[in-house]
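Report on the following structure.
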Amino acid sequence: MPELTAAGPEGRVARTALALREATAAGAWTLLDHPLLALEVAGSPVYLEPDAVVVRPDGGWTVVEIKSFPMVDGAADASKVGAAARQAAVYVLALERVAAVTEGARVAPSVLLVCPKDFSNLPTASVVDVRKQRSVTRRQLDRLTRVDEIAAALPEGVGFDLAERSAEELAAAVECVPHQYASECLAACELAFHCRSRAREAEAVETLGRSVRGELGGLTTVGAVLRAARGEEGDPDDPAVAALRRARALREEALAGAEARTCR
């Protein structure tokens, strides 16, 4: 277990890379406890700290992810395992950047997931394939707009420096930036409530969730959805429009049946 202490995140990233190269060259089992990796996201470096990385004698590197949810009878909650796999896939991508410049190194396409066994304090482990999650994450990173391109598109004089800008200036700066809201933003973004408010004011269907937005196709506002359901606008051959009108007809039929039963 090599010592990974260094000054600042850049120093820790460099120390981690050096330890990985030395372990690979030595050809011995090595465990890196909480190494620090760097990954470029939209043109800016992001620092990542996996729980551990194991270097095998054959030069293979494996990410180890330790979680608190239990593994009962050799299986854990699928949604939690999926979330852990997506998180570990980012570590794998960052580790691949180091392996690309390390002779004889290769990153395993699977990670070792360590969990409590059957609600006890005993650990158990399972190998999780993250090739799909890694590919999805890589495509998403490649499609991200770079931060410098976003900054260049801002109006002249707009800034978000908390130390130099007043509350009024910051509010005005936020207002001039287009919003892109999804329900998942509530768990990750400090501006989620602001963007949700703007989306609701615009009657954007994004407030109903990404899955609903995907099903509605070209119908981008709640008003357009309601008008399409009533037959006031929209192409009848559009599957989304046809489904809305069918749903409205079924609703009216169900309400009419309930009213008839009540009258009897």
Side-chain angles (χ1 to χ4, degrees), residues 39-44 46 78-80 82-83 85-87 89-90 93 132-162 165-255:
L39 183 66
E40 184 178 288
V41 178
S44 297
V46 174
S79 62
K80 294 180 179 179
R86 290 189 294 273
Q87 178 182 349
V90 182
L93 284 175
K132 179 180 178 180
Q133 292 83 354
R134 181 188 60 179
S135 298
V136 170
T137 303
R138 179 178 293 165
R139 287 197 299 271
Q140 291 174 336
L141 291 175
D142 291 341
R143 291 167 55 188
L144 287 177
T145 305
R146 293 178 60 86
V147 173
D148 53 359
E149 296 176 6
I150 296 174
L154 292 175
E156 188 69 26
V158 171
F160 302 93
D161 193 324
L162 298 178
R165 305 277 174 164
S166 66
E168 293 75 14
E169 290 174 325
L170 289 171
V174 170
E175 286 294 337
C176 75
V177 178
H179 69 275
Q180 188 70 31
Y181 173 76
S183 56
E184 295 86 353
C185 298
L186 293 172
C189 182
E190 296 174 348
L191 291 175
F193 291 103
H194 167 77
C195 293
R196 184 178 67 175
S197 176
R198 293 182 64 180
R200 286 176 173 175
E201 291 173 1
E203 293 190 333
V205 295
E206 284 82 1
T207 58
L208 305 176
R210 290 185 187 273
S211 59
V212 176
R213 175 67 187 90
E215 293 291 338
L216 292 174
L219 302 173
T220 58
T221 66
V222 175
V225 171
L226 295 176
R227 289 191 295 273
R230 291 193 296 263
E232 298 172 0
E233 68 175 55
D235 184 0
D237 295 329
D238 186 331
V241 174
L244 287 169
R245 293 179 181 176
R246 175 60 176 163
R248 183 172 184 268
L250 290 173
R251 179 179 181 274
E252 292 179 346
E253 181 181 337
L255 290 176

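For this chain, numbers begin at 1 and follow the sequence in order.
Checked against side chain to side chain donor-acceptor pair (under 3.5 Å), Ser211 has no partners two or more places apart in sequence or in another chain. Residues satisfying the side chain to side chain contact (heavy atoms under 4.5 Å, CB included) test with Leu141, not counting sequence neighbours, are Leu39, Val41, Leu93, Thr137, Leu144. Scanning for side chain to side chain contact (heavy atoms under 4.5 Å, CB included) contacts around Asp161 gives Ala163, Glu164, Arg165, with sequence neighbours left out. Under the salt bridge (charged side-chain N to carboxylate O under 4.0 Å, His left out) criterion, Glu40 pairs with Arg146, not counting sequence neighbours. Applying the side chain to side chain contact (heavy atoms under 4.5 Å, CB included) test to Thr145 and every residue at least two apart in sequence or in another chain returns Glu149, Ile150. In this structure, the side chain to side chain contact (heavy atoms under 4.5 Å, CB included) partners of Gln133, at least two apart in sequence or on a different chain, are Ala85, Arg86, Ala89, Val130.
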Could you pull out all donor-acceptor pairs under 3.5 Å where a side-chain atom in residues 189-204 meets a protein atom, sequence neighbours excluded?
unit_1	atom_1	unit_2	atom_2	d
Arg198	NH1	Glu175	O	3.4
Arg198	NH1	Val177	O	3.0

Please table the atom pairs, donor to acceptor, closer than 3.5 Å between any side-chain atom in residues 228-255 and protein atoms at least two apart or in another chain.
unit_1	atom_1	unit_2	atom_2	d
Arg230	NE	Glu232	OE2	2.9
Arg230	NH2	Glu232	OE1	3.4
Glu233	OE1	Arg227	NE	2.8
Asp235	OD1	Asp237	N	3.0
Asp238	OD1	Ala240	N	3.0
Arg245	NE	Ala228	O	2.8
Arg245	NH2	Glu233	O	2.9
Arg248	NH1	Glu252	OE2	3.1
Arg248	NH2	Glu252	OE2	3.1

Contacts under 3.5 angstrom, residues 212-225 side chains, donor-acceptor by atom type, not counting sequence neighbours:
unit_1	atom_1	unit_2	atom_2	d
Arg213	NE	Glu206	OE2	3.2
Arg213	NH1	Gly217	O	2.8
Thr221	OG1	Ala224	N	3.1

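For residues 176-186, the set of pairs meeting the side-chain hydrogen bond (donor to acceptor under 3.5 Å, both in side chains) definition, not counting sequence neighbours, comprises Glu184-Arg210.
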